[in-house]
Amino acid sequence: MTGTQKNIEIDKNEIGKLSAEMTYRHYLMNKGKFNQIFKKLTIPEYIALHIVASQSTASDHGSPKVYLRKLAEKMELEIYQASKVAGDLKDRGLVLWSHDGNGNEGTYVILTETGERWLQEQEEILKEYYGTIIKTFGKENFIELLQQMKKFDDVMNSVLEEKEQ
């Protein structure tokens, strides 16, 4: 038993009901309803643009850049998956994708003006959406929920890591 596990007895029927409810809630969050507030961007594209905007370091040309490996790490993706997201953003003119030297030093993305504008537009939509939710649900409840979700993610990741060993 790890430090993150609690010594609580729960019968298998209750575990089944709780796991089904959690799976259902996860399904609902990730299906079309939540995607309705993303007009021009997909959720992964928004997350990637947000990371590029917030994690950038100045490049030789003065434009902020984020290396693909850092993008993959922050998004918790494999490099090839982050490459797919970056490629889609590049194809849509939202980022520039380049490399240092001959490419061995790493490839990186730079936010374009269009990418910055789309990111700001999406952030305004999210602020309005979550602003209404926070007013209804309560700021303290919302903060507590986020803290609990973080703890929950940590526990789930810990359990998965234990299973891999």
Side-chain angles (χ1 to χ4, degrees), residues 20-101 103-158 160-161:
E21 181 65 19
M22 177 56 73
T23 302
Y24 180 65
R25 294 288 151 211
H26 187 264
Y27 163 76
L28 290 177
M29 186 63 148
N30 288 297
K31 86 182 238 326
K33 288 181 182 178
F34 188 69
N35 290 336
Q36 291 174 3
I37 63 173
F38 287 84
K39 304 296 181 201
K40 293 181 179 178
L41 299 169
T42 65
I43 294 172
E45 289 172 337
Y46 166 75
I47 298 294
L49 288 178
H50 181 76
I51 290 168
V52 172
S54 63
Q55 300 288 314
S56 297
T57 58
S59 70
D60 297 337
H61 307 296
S63 300
K65 65 181 178 181
V66 171
Y67 284 92
L68 196 58
R69 71 179 169 276
K70 183 169 188 158
L71 182 64
E73 176 187 308
K74 287 290 200 181
M75 292 185 75
E76 297 185 14
L77 297 173
E78 298 294 327
I79 290 286
Y80 77 90
Q81 294 169 313
S83 293
K84 168 91 172 80
V85 173
D88 291 345
L89 292 171
K90 177 184 169 279
D91 292 346
R92 296 175 68 195
L94 305 176
V95 297
L96 300 174
W97 192 353
S98 191
H99 56 82
D100 290 328
N104 291 333
E105 292 84 15
T107 63
Y108 58 86
V109 292
I110 298 171
L111 195 61
T112 64
E113 286 182 27
T114 303
E116 189 173 343
R117 188 175 66 251
W118 284 25
L119 176 61
Q120 289 172 353
E121 290 171 5
Q122 185 59 58
E123 286 177 340
E124 287 304 313
I125 293 168
L126 289 170
K127 284 177 191 176
E128 182 181 330
Y129 176 73
Y130 283 112
T132 302
I133 289 171
I134 291 168
K135 285 178 187 173
T136 305
F137 190 60
K139 180 180 173 185
E140 293 78 20
N141 288 336
F142 192 78
I143 291 169
E144 177 65 22
L145 177 63
L146 291 174
Q147 291 169 341
Q148 291 298 323
M149 289 172 73
K150 170 72 172 106
K151 288 178 187 176
F152 186 67
D153 284 343
D154 290 345
V155 170
M156 288 193 319
N157 288 334
S158 174
L160 287 174
E161 287 172 7

- Item | Nearest-0.5 Å distance that lies between atom CD in Gln147 and atom CG in Leu145 | 9.5 Å

- Query: Hey, what do you get for CG (Asp91) to CH2 (Trp97), rounding to the nearest 0.5 Å?
  - Reply: 9.0 Å

- Message: To the nearest 0.5 Å, what is the distance between NZ on Lys151 and CE on Met149?
- Response: 13.5 Å

- Message: Restricting to non-hydrogen atoms, name the atom on Leu89 and the atom on Ala48 that form the minimum distance, rounded to 0.1 Å.
- Response: CD1-CB, 3.8 Å

- Task: Report, as yes or no, whether the 6.0 Å neighbourhood of atom NZ on Lys84 holds more than 12 heavy atoms from other residues, nucleotides or ligands.
- Result: no

- Task: Using modelled atom types only, decide if a donor and an acceptor are shared between the side chain of Thr112 and the backbone of Leu94 within a distance under 3.5 Å.
- Result: yes

- Task: Tell me, with the steps shown, if Gln122 and His50 meet side chain to side chain donor-acceptor pair (under 3.5 Å).
- Result: CA-CA 10 Å; Gln122 185 59 58; His50 181 76; over 6 Å; no

- Message: Counting C-beta onward and ignoring hydrogens, is there a side-chain heavy-atom pair between Thr107 and Tyr67 closer than 4.5 Å?
- Response: no

- Message: Is any side-chain heavy atom of Leu49 closer than 4.5 Å to one of Leu41?
- Response: yes

Can you give each donor-acceptor pair under 3.5 Å made by side-chain atoms of residues 131-143, sequence neighbours left out, with the distance rounded to 0.1 Å?
residue, atom, partner, partner atom, Å
Thr132, OG1, Glu128, O, 3.1
Thr136, OG1, Thr132, O, 3.0
Asn141, ND2, Phe137, O, 2.8

- Could you tell me whether Gln148 atom CD has more than 12 heavy atoms of other residues or ligands within 6.0 Å of it? yes

- Item | Gap between atom CD of Glu123 and atom CD1 of Ile125 - 0.5 Å precision | 10.5 Å

- Partner set under side chain to side chain contact (heavy atoms under 4.5 Å, CB included) for Ile79, not counting sequence neighbours: Leu68, Arg69, Ala72, Ser83

- Query: Shortest non-hydrogen contact from Pro44 to Val85?
  - Reply: O-CG1, 4.0 Å

- Closest heavy-atom pair and its distance - Gly93, Thr114: O-CB, 3.8 Å

- Task: Answer whether the closest heavy-atom distance between the side chains of Lys70 and Tyr108 falls below 4.5 Å.
- Result: no

- Side chains of Met75 and Ile47 in contact at under 4.5 Å (non-hydrogen atoms): yes

- Message: Nearest 0.5 Å, please: how far is CG in Leu71 from CD in Gln81?
- Response: 11.5 Å

- Query: Is Asp88 salt-bridged to Arg92, cutoff N-O under 4.0 Å?
  - Reply: no

- Message: Do the side chains of Lys39 and Glu121 get close enough for a salt bridge, i.e. N-O under 4.0 angstrom?
- Response: no

- Query: When you look at CZ of Phe152, are more than 12 heavy atoms from neighbouring residues, nucleotides or ligands closer to it than 6.0 Å?
  - Reply: no

- Would you say the side-chain atoms of Gln120 and Glu124 include a donor-acceptor pair closer than 3.5 Å? no

